[in-house]
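Before any comments, here is the structure.
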Amino acid sequence: MADRTSNQMWGGRFAAGPDAIMEAINASIGFDRRMAAQDIAGSRAHAAMLAATGVISDSDAEAIREGLLTVLSEIEGGTFAFSTALEDIHMNVEARLKALIGEPAGRLHTGRSRNDQVATDFRLWVRDQLDAAERGLIALMRGLLAQAGAGADWVMPGFTHLQTAQPVTWGHHMMAYVEMFGRDLSRMRDARARMNECPLGAAALAGTSFPIDRDMTAAALGFDRPCANSLDAVSDRDFALEFLGAASICAMHLSRFAEELVIWSSAQFRFVALSDRFSTGSSIMPQKKNPDAAELIRAKVGRIFGANTALMLVMKGLPLAYSKDMQEDKEQVFDAADALMLALAAMEGMVRDMSANRAALAAAAGAGFSTATDLADWLVRVPGLPFREAHHVTGTLVAMAESRGCDLPELSLADMQSVHGAITADVFGVLGVENSVGSRQSFGGTAPVRVREQIGIWEARLG
Ligand code: ARG
């Protein structure tokens, strides 16, 4: 059994230590040890500031600095003995510091509290994740740009309702995801810009009477400024929620793309072949090559959405300022961040490795009367029919082709003229899929010339 004597950090008014169940529900060291590096960075900045403002002596600050470096190397080297009785990462680090350097360790906690300490550590941790997400997104977007560049003019079916709608280009489809992940990237950057304020020095909730320099600690930790309200500083978790919100939308985008890859890699579609490196086999069916990575990316969304919901619910009823409920803010964010980074990396790998089946894409592009809209547009443009009438004429021709089991370009001119006398042989020019996509040059359209323009714009943006 762990030692149940009263706690060395706050045991002054306690005669007895906690019940084992109390200790179990109270401890966060099992997960918040992931913030060890951030905790030590925060303590180093705080100690240096306390010395600079004359609150502690330079020699104490130096002892603290060296001691903290030792603690960090013990943690990184895996020799640190984490203790559940010491509750969390903050008290584990401080207790070890005390064992290493003695009395000066007790001066480190001057002018701060675990409340501003944990808020600072967690911000630093989430900030790293926003940066990692940014890197992951950029790598994925580069992979998509490479795919788009290779197949800017490859035709494929575009779908609505998963029914063949109009032909589009492979490049255009890839660039649709570049737009989506581009917005995800900007959400991560926005969140980072907004969250980059330092809670340290807010102390328990009210600030401190020591002459601390909050600008100094903020700058040392790479924050733009200190948080302006001490109550808000210790009780705000918006920064984690914004990360989870941006991560949720990003995961949703990843999942949609993953779903397409699952469909596209099926024997029925054969639009893409995933590489061996990003597929798995079946233990019973030798012919199988399964898109497991895509399926898992699709499924990871559950964790990330779940984390977002969980943290919203933890926070929604809390009065100011800190409540211990907020200790439940971390695990799900850690889990969601891990899931997101893995999903981004797996998607990037799949995208870089996959090969589009140009012939299958082209064959499917022409099927399903995909150029019917081009025919209707031609009837408007050339003989000058009102669009509604052109739509009706085209619908009649589609029904005719369908009843004969052929595609629109396989109808004869005489067949077409039997439906509308103004149709001429010219019409066959627009029934080809290449012409169809080539003609859609409106801004944002699928024409290869437009797609290449957008690729150039994004390449310049990503630098
Ligand atoms: N382990 C705590 C957490 O994660 C640290 C803050 C504890 N503060 C307190 N007043 N008990 O939230």
Side-chain angles (χ1 to χ4, degrees), residues 2 6-14 17-19 21-43 45-46 68 71 75 80 82-98 108-129 195 198-208 217 221 227 229-241 243-244 307 310-337:
S6 74
N7 187 291
Q8 59 169 305
M9 300 293 168
W10 40 255
R13 77 184 293 277
F14 285 73
D19 187 272
I21 298 295
M22 179 61 210
E23 186 176 292
I25 194 171
N26 204 34
S28 54
I29 189 61
F31 50 89
D32 67 14
R33 65 176 70 180
R34 283 189 71 167
M35 305 193 306
Q38 288 77 10
D39 193 68
I40 289 170
S43 289
H46 187 67
L68 287 170
V71 176
I75 292 173
F80 190 93
F82 290 101
S83 152
T84 308
L86 287 168
E87 202 175 317
D88 58 24
I89 186 62
H90 325 295
M91 299 208 288
N92 269 267
V93 169
E94 197 183 318
R96 180 64 188 143
L97 184 67
K98 176 118 194 286
L108 171 60
H109 214 53
T110 316
R112 78 170 183 187
S113 147
R114 274 190 297 157
N115 296 350
D116 58 337
Q117 195 178 351
V118 72
T120 304
D121 294 1
F122 197 29
R123 270 197 205 225
L124 289 170
W125 197 90
V126 170
R127 193 175 71 185
D128 284 349
Q129 302 308 306
M195 66 97 78
C198 186
L200 195 59
L205 76 166
T208 175
T217 41
L221 295 169
C227 301
N229 181 297
S230 60
L231 288 167
D232 177 49
V234 295
S235 67
D236 162 49
R237 294 294 182 272
D238 295 6
F239 61 91
L241 285 164
F243 168 62
L244 292 176
L311 184 53
M312 286 293 281
L313 295 180
V314 165
M315 296 305 296
K316 77 169 185 63
L318 298 187
L320 300 185
Y322 178 88
S323 297
K324 195 62 174 261
D325 308 52
M326 292 166 73
Q327 180 165 286
E328 286 287 313
D329 61 358
K330 289 176 243 354
E331 265 179 298
Q332 311 237 22
V333 177
F334 293 164
D335 184 68

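For reference, positions follow the sequence shown, starting with 1. One-based numbering, in listed order, for ligands and for the atoms of each.
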Would you sort out whether His90 and Asp121 count as a side chain to side chain donor-acceptor pair (under 3.5 Å), showing the intermediate values?
CA-CA 9 Å; His90 325 295; Asp121 294 1; 3.3 Å; yes
Main chain of Ile29, side chain of Asp88: is a donor-acceptor contact present, judged purely on distance under 3.5 Å?
no
Using a 4.0 Å cut-off to any heavy atom of Ser28, which atoms of ligand 1 qualify?
1 (N)
Could you find the nearest protein heavy atom to atom 6 (C) of ligand 1 and give me its residue, atom name and distance?
Tyr322 OH, 3.4 Å
Heavy-atom distance under 4.5 Å between the side chains of Met35 and Phe334, does that happen here?
yes
What distance separates Leu68 CG from Ile40 CD1, expressed to the nearest 0.5 Å?
6.0 Å
His90 heavy atoms, cut-off 4.0 Å: which ligand 1 atoms fall inside?
5 (C)
Within the structure provided, determine whether Glu328 and Leu313 are in side-chain contact (heavy-atom separation under 4.5 Å).
no
Looking only at protein heavy atoms, identify the closest one to atom 11 (N) of ligand 1 and say how far it is in Å.
Arg114 NH2, 3.5 Å
Starting from atom 2 (C) of ligand 1, find the nearest protein heavy-atom neighbour and note its residue, name and distance.
Gln327 OE1, 3.2 Å
Do Thr120 and Arg112 pass the side chain to side chain donor-acceptor pair (under 3.5 Å) test, and can you show the C-alpha distance, the side-chain angles, and the key distance before you say yes or no?
CA-CA 11 Å; Thr120 304; Arg112 78 170 183 187; over 6 Å; no
For atom 10 (N) of ligand 1, closest protein heavy-atom neighbour:
Asn115 OD1, 3.0 Å
Quick one: does ligand 1 sit under 4.0 Å from the side chain of Gln117, the backbone, both or neither, non-hydrogen atoms only?
neither
Which donor-acceptor pairs under 3.5 Å do side chains of residues 314-325 form with protein atoms, sequence neighbours excluded?
unit_1, atom_1, unit_2, atom_2, d
Lys324, NZ, Asn26, OD1, 2.8
Lys324, NZ, Glu87, OE2, 2.7

Does an N or O from Glu87, backbone or side chain, lie closer than 3.5 Å to an N or O of ligand 1?
no
Show me which atoms of ligand 1 lie under 4.0 Å from any heavy atom of Lys330.
3 (C), 4 (O), 12 (O)
For Asp88, the ligand 1 atoms with a heavy-atom partner under 4.0 Å come out as 1 (N), 2 (C), 5 (C)
